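Note that this is a predicted model, so its numbers are computed, not measured.
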Number of protein chains: 2
Amino acid sequence: MTDAQRSGCPINLSLEVLGDKWSLLIIRDMMFGNRRHFRELLTKSEEGISSNILADRLKTLLEQGIITREDDPTHKQKGIYSLTEQGIELLPVLAQMAAWGYKYLPVTEELGIRARLLSEGGPKMWAEFMDELRENHLGAKRRRRSGPSVGERLQAAYESVVNGR
Amino acid sequence: MTDAQRSGCPINLSLEVLGDKWSLLIIRDMMFGNRRHFRELLTKSEEGISSNILADRLKTLLEQGIITREDDPTHKQKGIYSLTEQGIELLPVLAQMAAWGYKYLPVTEELGIRARLLSEGGPKMWAEFMDELRENHLGAKRRRRSGPSVGERLQAAYESVVNGR
DNA sequence: CTAAACCGATTGCGAATTGCAACCGGTTGC
DNA sequence: GCAACCGGTTGCAATTCGCAATCGGTTTAG
């Protein structure tokens with residue numbers, strides 16, 4: 001994992017960090033699937049990442065300041081991975097990518113429902129979800145809102161599609 | 001280039017098409033650098049893609065319906081690559097990625113200015129730029145606007161930074 | 001008319017990355 | 001005490017990547 005530095009273009013630099021088939025999926029699972037431990041990311045992912053790749057990507061994401069790792073007080077071996085502010089701000093990238101994929105690629109109904117809701121919700125919903133992520137990952141205080149959170153709404157919609165078929 | 005189909009998640013499907021270090025850079029050069037020929041993409045890129053990789057990615061992008069290729073009437077060997085509507089709608093993805101990279105990665109001043117303007121301009125500017133792309137790549141009629149186009153403004157800002165240092 | 005430059009690729013090859021499975025020492029729950 | 005679980009690591013084969021050289025045809029300059 002060397003510093004390539006092919007150019008100082010922001011898109012290129014982003015791709016040097018995230019331009020592979022797995023890194024953004026790990027971020028996705030941390031954001032939408034609330035996976036925080038190595039095993040959760042390893043076994044509960046739709047796509048079946050292998051453990052060496054996961055370990056390598058987590059290391060890179062740590063080095064890049066996109067996630068942090070701390071020991072789990074309830075289990076000496078477990079680590080808890082959290083998104084940093086930098087990581088949380090990848091949400092708009094994921095949201096746009098999800099919207100594009102939803103529109104043009106053969107997305108399944110269950111896995112597409114989140115993308116649809118997030119796309120319809122627009123930047124306002126993204127900002128609200130990012131606030132929730134700040135609360136869960138950074139311990140930030142969030143001002144009280146009425147009704148279910150964005151995360152809960154997305155999860156409920158997903159389960160509704162899964163059950164109602 | 002086999003059909004992996006690891007899952008029907010929109011983010012995953014997008015990454016299966018675009019999840020590498022070069023594909024989105026090619027799109028970027030077509031959008032912002034107005035590169036339409038093989039040689040232009042090969043030699044005028046900041047990062048120095050090699051010809052076999054470029055040929056391979058162009059083939060994939062063609063198969064995926066993100067670009068099209070037609071013969072250049074002025075030169076029997078030249079092909080003209082154009083973005084499809086599907087390709088043009090990758091602009092928001094690139095814009096978000098550029099904004100994130102601009103904020104968190106060591107972007108150079110010259111190459112970051114476009115990202116800054118595009119980020120400040122927001123979705124409204126993106127939509128205008130996408131209309132210009134539709135005109136240039138799809139031959140769509142665009143309603144007349146006063147003043148310089150978004151593309152021209154981005155280019156002028158870039159040159160201004162390059163010259164004024 | 002001819003030679004050089006240019007066109008979009010293709011080929012060969014060594015190096016790096018990926019994917020898979022087995023395995024590791026330590027920890028926890030039963 | 002023992003099986004299951006923890007976050008990884010290792011070995012190895014297969015694929016992909018990056019680079020340079022090359023290809024046959026086309027256009028341009030002199």
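Look at A:Arg57 and you'll find a side-chain N or O under 4.0 angstrom from OP1 or OP2 of C:dT18.
Each of B:Tyr81 and A:Trp22 was assigned the nucleotide of DNA chain C with the nearest heavy atom; the assignment lying further toward the 5' end belongs to B:Tyr81.
What separates CG of A:Asp71 from C1' of C:dT28 is a distance of 16 Å, to the nearest Å. One atom, CZ of A:Arg36, and another, P of D:dG7, lie 13 Å apart when rounded to the nearest Å. Atom CZ of A:Phe38 and atom C1' of C:dC24 are 13 Å apart (whole Å). For B:Lys78 and D:dT28, the NZ to P distance is 8 Å, given to the nearest whole Å. The distance from atom CG of A:Asp20 to atom P of C:dG19 is 9 Å, rounded to the nearest whole Å. Remark: P of C:dA16 and CD1 of B:Ile53 are 15 Å apart, rounded to the nearest angstrom. The separation between A:His75 atom NE2 and D:dC5 atom C1' is 6 Å, rounded to whole Å. We find that CG of A:Asn52 is positioned 10 Å from P of C:dT18, with the value rounded to whole Å.
For A:Ser50 against C:dT18, no side-chain N or O and base N or O form a donor-acceptor pair under 3.5 Å.
Out of D:dT27, C:dG8, D:dG18, the shortest distance to the side chain of B:Arg69 is found at C:dG8. Nearest nucleotide to the side chain of B:Gln77, out of D:dG7, C:dA9, D:dG25: D:dG25. For A:Arg39, taking side-chain heavy atoms from C-beta onward, the closest of the listed nucleotides D:dG8, C:dT18, C:dG19 is D:dG8.
For the pair B:Glu128 and B:Arg153, the salt-bridge criterion is met [side-chain N within less than 4.0 Å of a carboxylate O]. For the pair B:Lys21 and A:Glu16, the salt-bridge criterion is not met [side-chain N within less than 4.0 Å of a carboxylate O]. Remark: A:Lys59 does not engage A:Asp56 in a salt bridge, criterion side-chain N to carboxylate O under 4.0 Å. By the 4.0 Å N-to-carboxylate-O rule, A:Glu135 lies too far from A:Lys141 to be salt-bridged with it.
You'll find the side chain of B:Val150 stays beyond 4.5 Å of the side chain of B:Trp126, heavy atoms only.
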